[in-house]
Amino acid sequence: MNKIEESFLRLCLKPAVECNLPGRLRLSFGKYRLLPKEALPYLHYIRDVLQLLPGVMDAEINPRIGTVLIRYDANVTTARTVLRWVDIVVDEGIRLSKENIWQGASEAELEEIVRKRLILRLPQQKEGEA
């Protein structure tokens, strides 16, 4: 992946906060329609990786309008931490796409690789932070 492709992906995956209420965060991805159609079957993984973050209970994806509604326990995490997690997930996805290990891996193997890497990058909760 070259710098232009990476910049394009980051643009497509840059969220804007539409609604931020305690326990509910709606993100809009204004450029999601520019993503290749081949990416659409993998949208269900978004829910899975968001729910790796402690406190995230559900993520509802609306591919028709390019939004994600994230429901989280406001006593466990914050909207700011969720947004940081989205950035980490995008960074890790781009990093993985540059490596050769995913070529030839089955979808299940790739899912396991991504899950393990993301678990290692989970933000550490600081004392008194929620």
Side-chain angles (χ1 to χ4, degrees):
M1 172 181 299
N2 64 39
K3 295 264 185 205
I4 293 172
E5 291 170 326
E6 181 177 335
S7 296
F8 176 74
L9 272 177
R10 288 188 187 282
L11 174 70
C12 291
L13 300 172
K14 180 75 176 152
V17 176
E18 280 192 4
C19 181
N20 182 4
L21 300 170
R24 283 176 60 102
L25 180 64
R26 185 179 300 278
L27 302 178
S28 173
F29 295 84
K31 306 290 185 201
Y32 78 98
R33 291 176 197 236
L34 298 175
L35 287 171
K37 290 180 182 174
E38 294 82 13
L40 294 178
Y42 302 100
L43 290 179
H44 67 278
Y45 290 120
I46 294 170
R47 181 181 312 110
D48 297 343
V49 297
L50 287 170
Q51 288 179 320
L52 287 174
L53 184 66
V56 172
M57 299 176 292
D58 188 34
E60 186 179 316
I61 301 144
N62 187 333
R64 193 173 57 78
I65 60 173
T67 62
V68 177
L69 174 62
I70 302 164
R71 291 180 189 90
Y72 64 92
D73 183 342
N75 294 316
V76 177
T77 194
T78 64
R80 185 177 186 173
T81 302
V82 173
L83 286 167
R84 275 195 314 245
W85 182 240
V86 170
D87 288 341
I88 289 169
V89 169
V90 169
D91 287 344
E92 194 59 44
I94 289 173
R95 182 177 296 125
L96 184 65
S97 72
K98 294 177 182 180
E99 298 176 13
N100 289 332
I101 61 170
W102 64 272
Q103 296 174 347
S106 71
E107 191 171 330
E109 291 169 329
L110 185 57
E111 182 180 353
E112 188 60 28
I113 291 168
V114 171
R115 180 175 298 282
K116 285 179 180 178
R117 287 186 177 197
L118 288 173
I119 287 171
L120 292 173
R121 296 198 59 197
L122 280 169
Q124 300 302 311
Q125 189 112 355
K126 294 181 181 133
E127 189 91 16
E129 183 181 83

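Count residues from 1 along the sequence. Just so we're clear, the structure is a prediction, and the values are computed from it rather than from any experiment.
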Inset, instruction - Quick one: do Val86 and Lys14 satisfy side chain to side chain contact (heavy atoms under 4.5 Å, CB included)? Show the steps, please. - result: CA-CA 9 Å; Val86 170; Lys14 180 75 176 152; over 6 Å; no

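- Hydrophobic cluster membership differs between Leu69 and Leu50, with clusters built from Ile, Leu, Val, Met, Phe, Trp and Tyr side chains linked at under 4.5 angstrom.
- Side-chain contact check for Arg84 versus Thr81: some heavy-atom pair is nearer than 4.5 Å.
- Residue Leu122 is grouped with residue Val82 when hydrophobic side chains (ILVMFWY) are merged at heavy-atom distances under 4.5 angstrom, including chains of intermediate members.
- If you take CZ on Arg115 and CG on Leu120, they are separated by 12.5 Å, rounding to the nearest 0.5 Å.
- Annotation for Glu18 and Ser28: closest pair OE2-CB, 3.0 Å, computed over non-hydrogen atoms.
- Closest non-hydrogen pair, Trp85 versus Pro123, comes out as CE3-CD, 3.7 Å.
- By the rule that hydrophobic residues join a cluster once side-chain heavy atoms approach within less than 4.5 Å of another member, Val17 and Ile46 end up as members of one cluster.
- Atom CZ of residue Arg26 and atom CD1 of residue Ile70 lie 10.0 Å apart, to the nearest 0.5 angstrom.
- Within the 4.5 Å cutoff, no side-chain heavy atoms of Val89 are placed close to those of Arg117.
- Using a 4.5 Å cut-off on side-chain heavy atoms (C-beta onward), Thr67 and Leu27 make no contact.
- The two residues Ile61 and Arg47 make their nearest non-hydrogen contact at CD1-N, 3.9 Å.
- Between Glu92 and Arg95 there is a salt bridge, since a side-chain N of the basic residue sits under 4.0 Å from a carboxylate O of the acidic one.
- Hydrophobic clustering, with ILVMFWY side chains joined whenever heavy atoms are under 4.5 angstrom apart, groups Val49 together with Ile119.
- Heavy-atom minimum distance, Asp58 versus Gln51: CA-NE2, 3.3 Å.
- For Arg24, there are no salt bridge (charged side-chain N to carboxylate O under 4.0 Å, His left out) partners at least two apart in sequence or on another chain.
- Leu96 and Leu118 fall within the same hydrophobic cluster, defined by Ile, Leu, Val, Met, Phe, Trp and Tyr side-chain heavy atoms under 4.5 Å apart, directly or through other members.
- The side-chain heavy atoms of Leu25 and Leu83, taken from C-beta on, include a pair separated by under 4.5 Å.
- Salt-bridge annotation for Arg10 and Asp87: absent, with no side-chain N of the basic residue lying under 4.0 Å from a carboxylate O of the acidic one.
- In this structure, Thr77 OG1 and Asp73 CG are separated by 9.0 Å, a value rounded to the nearest 0.5 Å.
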